[in-house]
Amino acid sequence: MANRTDALFRDDAYLRTADAKIVAVNDRGGIILDRTIFYATSGGQPGDTGCLERADGSRIAIAATLTGETKDQIIHVPAPEQAVPQVGETVRLAIDWERRHLLMRMHAACHLLTVVCPFPITGAAVSEDDSRVDFDAPDAGFTKEDITAGLMELVRADHPIFVRLISDEELAANPGLVKSKNVRPPAGTGKIRLVCIGDNASVDSQPCGGTHVKSTGEVGEIHIGKIEKKGRENRRFRIRFGPMPAN
Ligand SMILES: [Zn+2]
């Protein structure tokens, strides 16, 4: 059962609702649709929550969204004790937009951090109120204040954030685009999704399949909450919303 799901959020991260058809319900109750606006957990960004509204107005609450056997298949995991929809049924999808928008702002903030801290990335996790990015970086005397100032300079400049599709060959010719130390973008699919910041990607561009806001200004006020040492050459940066608290 490897039904491919048309991932509408890849072309438009701002879709809050859409109609879709039930393609299958797997043996664990996971719902597969022909198309979806629900982002599935991957690349450090958690999947969406929300609901599927049926023709009679009743709702099936979705507690999590995951990828299936392949990355092209998206599984909508219902909350406990929800009705089971029929294959072929059309439903109206609605994501928890407030949560998703926070994740889009945070995810974009993580990209900004990789501009301010140009070191190889060893890990990242986005969440609504606190995100982290791990870098393979020596102790270069970073301070929360300096990094926050660098981030806020990018936010205030209100640079556009957009997606450009490039070929495997273009990526191979520009190895510097990949900032992850251990994770390589999937090759062989023909097209790589490059997330660009700034006019003509002047600020940054890197392969990413997540959802982001459309400008750095929309990220809003953020600060570095903590810089932690994780081993000799690893530094973990925590990003939080709002101004830096006064000590
Ligand atoms: Zn991203």
Side-chain angles (χ1 to χ4, degrees), residues 7-15 36-48 65-67 71-72 74 95 97 99-136 147 150-152 154-155 157-166 168 170-171 174-187 189 191-220 222 224 236-241:
L8 303 176
F9 55 82
R10 283 200 217 292
D11 292 328
D12 185 356
Y14 285 84
L15 287 173
T36 194
I37 52 174
F38 283 72
Y39 180 79
T41 302
S42 63
Q45 182 179 333
D48 283 315
T65 310
L66 307 167
T67 48
K71 275 222 158 195
D72 302 355
I74 295 176
I95 54 169
W97 172 251
R99 175 173 178 271
R100 160 70 91 70
H101 191 243
L102 288 171
L103 293 170
M104 284 164 54
R105 288 171 59 199
M106 265 299 189
H107 192 140
C110 291
H111 283 249
L112 298 185
L113 180 56
T114 71
V115 173
V116 178
C117 298
F119 298 99
I121 301 161
T122 55
V126 179
S127 81
E128 298 117 275
D129 47 12
D130 177 294
S131 297
R132 64 167 175 82
V133 183
D134 298 341
F135 294 96
D136 184 350
I147 306 291
L151 290 172
M152 285 311 297
L154 292 168
V155 168
D158 199 18
H159 296 292
I161 304 178
F162 58 96
V163 168
R164 200 159 72 81
L165 296 175
I166 62 166
D168 293 341
E170 271 182 273
L171 185 69
N174 296 282
L177 289 173
V178 180
K179 296 186 176 182
S180 279
K181 199 180 174 191
N182 310 314
V183 186
R184 297 276 128 188
T189 54
K191 286 287 170 200
I192 308 277
R193 195 170 180 271
L194 212 56
V195 172
C196 305
I197 303 176
D199 293 320
N200 300 312
S202 56
V203 176
D204 189 47
S205 55
Q206 59 182 297
C208 184
T211 61
H212 316 79
V213 288
K214 61 186 180 310
S215 72
T216 61
E218 199 173 322
V219 170
I222 47 173
I224 296 296
R236 170 168 292 179
F237 290 70
R238 292 194 174 275
I239 308 173
R240 288 173 192 154
F241 284 125

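Everything numeric in this text was worked out from a predicted model, so none of it was measured. In each ligand, atom 1 is the first atom listed, and ligand 1 is the first ligand listed. By convention here, the first residue in the shown sequence is residue 1.
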- Atom name of the N, O or S atom in H212 that lies nearest to the Zn ion (ligand 1): NE2
- H107 N/O/S atom closer than 2.8 Å to the Zn ion (ligand 1): yes
- Six-ring centre of F162, K214 cation under 6.0 angstrom, axis tolerance 45°: no
- Under 4.5 Å between any side-chain heavy atoms of I161 and V195, yes or no? yes
- Close side-chain approach of T114 and F135, heavy atoms under 4.5 Å: yes
- Determine the minimum heavy-atom distance between C117 and I147, stating which atoms define it. SG-CD1, 3.6 Å
- Item | C208 SG and H111 NE2 subtending at the Zn ion (ligand 1) (10° steps) | 130°
